[in-house]
Amino acid sequence: MLDIKVIRQNLEECQTALRHRGDNTDLAALVALDDQRRQLEQQRSALEAEANEVQKQVGKLKQSDPHHPDIDHLKQKANQIKEKIAALVTAEEAVRQQLHQQLLTVPNLPHPSTPIGSSEADNRVVRTWGEEYKPRHPVLPHWEIGEKLGILNFERAVKVAQTRFVNLVGAGAQLERALINFMLAEHSRRGYQEVMPPFLVNSQSLQGTGQLPKFASDAFRCQEDDLWLVPTAEVPVTNLYRDEILDSSQLPIKHCAYTPCFRREAGSYGRDTRGLIRLHQFNKVELVKFVLPSESEQEHESLVQDAEHILQLLKLPYRVVELCTADLGFAARKCYDLEVWLPAAGQYREISSCSNFGDFQARRANLRYKTKGKKGTEFLHTLNGSGLAIGRTMCAILENYQQPDGRVLMPTVLHPFLGYTAL
RNA sequence: GGAGAGAUGGCCGAGUGGUCGAAGGCGCAGCACUGGAAAUGCUGUGUGGGGCAACUCACCGAGGGUUCGAAUCCCUCUCUCUCCGCCA
């Protein structure tokens, strides 16, 4: 959530920044609402002071003389003030709610360093790692080689659930599990504390990270319970510290977490209908950081490197892309995507998204920290990134490690986690 | 699912209708004492909104009610703990 105070002070800059990401919220209207709110609050607060004064008088009188003739008069006066207050409170609350609800739907402002652009074509390739795998033999797309090897089964998954689900079989299920274990082990080794959070979260958590209220239709919901299936571990992990005041000495806090992710993929009909690329349920290992604002940029860079590290160990060619303002997610101010090389299609596909949210999520989720010896509290910064999406990693392995004879070798680093070295 | 108990400031804990934003302790910070430290003593120490100075308002799990006045009384909800039941 944006800070209305910041908007008030930099109306033009904020408006321009939003326009760069294709958002046309009228910030001046929000400021007008805030003016209204302040005015009502001042009136109310003055009346309340008056009422408190009268109450004290009643108290004093009652103690000295319980039947003092002025008491009834004062009570009457207090009641009159109370009525006025009640009217103001109603008006104020309405304005406050309206302002709040509107602010919740305004996306984050892009960081000044985020390239300005109008579509994903304006994203910037920052660096490329490894060589694109272009063997002489044809490479089968992962879903074909997967079904051929008997490790991916879509038909039965569709019977059991719906389209866009998969059933992993035998060595495939094992590979999925090995990838999860490998990634968690590697991130833990590099200083991320592993957590296993709830896979169902309440509405407040989704609001905290920004999925609600605007993107309700992207998530699966358990209507009866006000619980939602997590679309990403970002939601439960970031909300772990909701409404807490952390000590600055605790920061940065770094967590890694495995969760399944559930997404309705509304609006993506016809896209990536085959294979593991776009499913309603997929596994992911996520990295989440809570950091001091002064350190958020360098922590972001190192987060990207931690995700890249996994691809490097797996020896999968990839590139790092910095998203332009138009392609930025709702809550992000700056974002790098890692795109892995998929030889069957001859293209790079997103396998990780590493975002810096600034204090946007911290405001929504009320994530604060306090510095010893310093007055007051401040909002911290949140960052997260996939490290990595498991299913898409499996795609990349099935294609990049595919041999002319149809076998698929396993990356060396996975051997300790697997019972085999090739499929 | 059934029965009971509880929720107060960073922590512990007092407070059953008025001067309580809240005793006391711990912790923390500053000062004094000391060569330095410990111990001791003194002082200070919640969050948020408005003004941005004085000041003012709100907040004792959440929401509502009674009252001139609620941490204190009433109602609803949430959560925690104990016992029983069920269960991976």
Side-chain angles (χ1 to χ4, degrees), chain A residues 1-10 30-103 196-208 222 224-228 236 239-251 253 260 290 359 362-380:
Chain A
M1 187 154 66
L2 299 183
D3 184 358
I4 188 69
K5 285 184 187 166
V6 170
I7 297 176
R8 294 182 75 100
Q9 282 160 17
N10 315 287
L30 295 183
V31 170
L33 267 180
D34 191 50
D35 284 337
Q36 244 187 82
R37 194 201 99 233
R38 287 175 185 223
Q39 208 186 351
L40 287 166
E41 173 160 348
Q42 275 174 41
Q43 292 172 15
R44 190 210 68 212
S45 164
L47 279 176
E48 281 175 338
E50 204 183 323
N52 286 341
E53 199 41 55
V54 174
Q55 280 156 28
K56 275 186 191 153
Q57 285 175 32
V58 174
K60 267 187 202 156
L61 279 185
K62 262 213 152 154
Q63 263 174 358
S64 58
D65 173 9
H67 304 293
H68 196 285
D70 285 353
I71 289 180
D72 278 346
H73 171 70
L74 285 172
K75 280 189 184 181
Q76 221 173 35
K77 190 172 166 191
N79 274 329
Q80 282 167 6
I81 299 173
K82 225 167 72 169
E83 273 174 45
K84 284 193 217 164
I85 292 176
L88 283 172
V89 164
T90 310
E92 189 188 337
E93 196 45 43
V95 172
R96 189 186 292 276
Q97 270 302 318
Q98 203 184 337
L99 178 61
H100 183 71
Q101 287 309 317
Q102 289 188 21
L103 274 174
M196 178 82 74
F199 297 167
L200 272 71
V201 294
N202 53 36
S203 295
Q204 220 188 329
S205 294
L206 282 161
Q207 189 180 94
C222 309
E224 314 236 316
D225 305 286
D226 181 36
L227 286 171
W228 308 68
N239 280 281
L240 246 24
Y241 301 99
R242 173 147 46 82
D243 295 321
E244 291 191 29
I245 301 173
L246 303 169
D247 193 284
S248 61
S249 64
Q250 293 173 264
L251 302 176
I253 292 173
F290 303 83
D359 63 8
R363 286 181 185 284
R364 294 176 156 246
N366 197 22
L367 301 164
R368 294 174 295 170
Y369 72 94
K370 187 171 167 52
T371 310
K372 266 204 170 54
K374 236 173 119 183
K375 208 171 151 53
T377 57
E378 290 176 78
F379 289 109
L380 46 74

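Proteins come first, then strands; the chains are lettered A, B, ... in the order of their sequence lines, and each starts at number 1.
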Return the pairing partner of [N] with a 3.5 Å limit on both distances, Watson-Crick or G-U wobble; otherwise return none.
| N | answer |
| --- | --- |
| C20(B) | none |
| C52(B) | none |
| A37(B) | none |
| A14(B) | none |
| C73(B) | G65(B) |
| C87(B) | none |
| A5(B) | U80(B) |
| G44(B) | C28(B) |

Spacing of [X] atom [atom1] relative to [N] atom [atom2], expressed in whole Å:
| X | N | atom1 | atom2 | result |
| --- | --- | --- | --- | --- |
| I85(A) | C68(B) | CD1 | C1' | 12 Å |
| Q55(A) | G17(B) | CD | P | 18 Å |
| E93(A) | G49(B) | CD | C1' | 13 Å |
| E92(A) | G50(B) | CD | C1' | 10 Å |
| L99(A) | G50(B) | CG | P | 11 Å |
| L227(A) | U78(B) | CG | P | 13 Å |
| Q36(A) | G49(B) | CD | P | 20 Å |
| Q43(A) | G51(B) | CD | P | 13 Å |

Please determine, for the side chain of [X], which listed nucleotide ([options]) has the closest atom?
| X | options | value |
| --- | --- | --- |
| K75(A) | U47(B), C57(B), C68(B) | C68(B) |
| E41(A) | C68(B), G51(B), G49(B) | G49(B) |
| Q42(A) | G49(B), C68(B), G51(B) | G51(B) |
| R44(A) | G69(B), U47(B), C57(B) | C57(B) |
| S45(A) | G49(B), G51(B), G18(B) | G49(B) |
| R38(A) | C68(B), A58(B), G50(B) | G50(B) |
| R368(A) | G18(B), G48(B), G50(B) | G48(B) |

So what does [X] hit on the nucleic acid, given a heavy-atom distance under 4.0 Å: a base, only sugar-phosphate, or nothing?
| X | result |
| --- | --- |
| V54(A) | nothing |
| R37(A) | sugar-phosphate |
| K62(A) | base |
| D72(A) | nothing |

Say you pick atom [atom1] in [N] and the same atom in [M]; how far apart are they, in whole Å?
| N | M | atom1 | result |
| --- | --- | --- | --- |
| U16(B) | C11(B) | C1' | 25 Å |
| G50(B) | C12(B) | P | 31 Å |
| A22(B) | U47(B) | C1' | 15 Å |
| G4(B) | C77(B) | P | 15 Å |
| C57(B) | G21(B) | C1' | 13 Å |
| U8(B) | U80(B) | C1' | 15 Å |
| A71(B) | G2(B) | P | 33 Å |
| G15(B) | G24(B) | C1' | 11 Å |

Residue whose closest nucleotide on RNA chain B lies nearer the 5' end, G59(A) versus R96(A):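 Its nearest nucleotide being more 5', the pick is G59(A).
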Whichever of E378(A) and A46(A) has its nearest RNA chain B nucleotide further upstream toward 5':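 The 5'-side residue here is E378(A).
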[N], OP1 or OP2 - any side-chain N/O from [X] closer than 4.0 Å?
| X | N | answer |
| --- | --- | --- |
| K5(A) | G50(B) | yes |
| K82(A) | U67(B) | no |
| N52(A) | C57(B) | yes |

Side chain to side chain, [X] and [Y], heavy atoms closer than 4.5 Å:
| X | Y | value |
| --- | --- | --- |
| V54(A) | I81(A) | yes |
| K84(A) | Q43(A) | no |
| Y241(A) | I253(A) | yes |
| L103(A) | I7(A) | yes |
| F379(A) | N366(A) | yes |

Result of checking R37(A), R38(A), R44(A) against E92(A) for salt bridge (Lys or Arg N to Asp or Glu O under 4.0 Å):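 Exactly one pass, corresponding to R44(A).
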Carboxylate-amine/guanidinium contact K5(A) D34(A), below 4.0 Å: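 Looking at K5(A) and D34(A), the cut-off is not met.
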Nearest non-hydrogen partners of R363(A) and M1(A), listed with the distance: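 Minimum heavy-atom separation between R363(A) and M1(A): CD-O, 2.8 Å.
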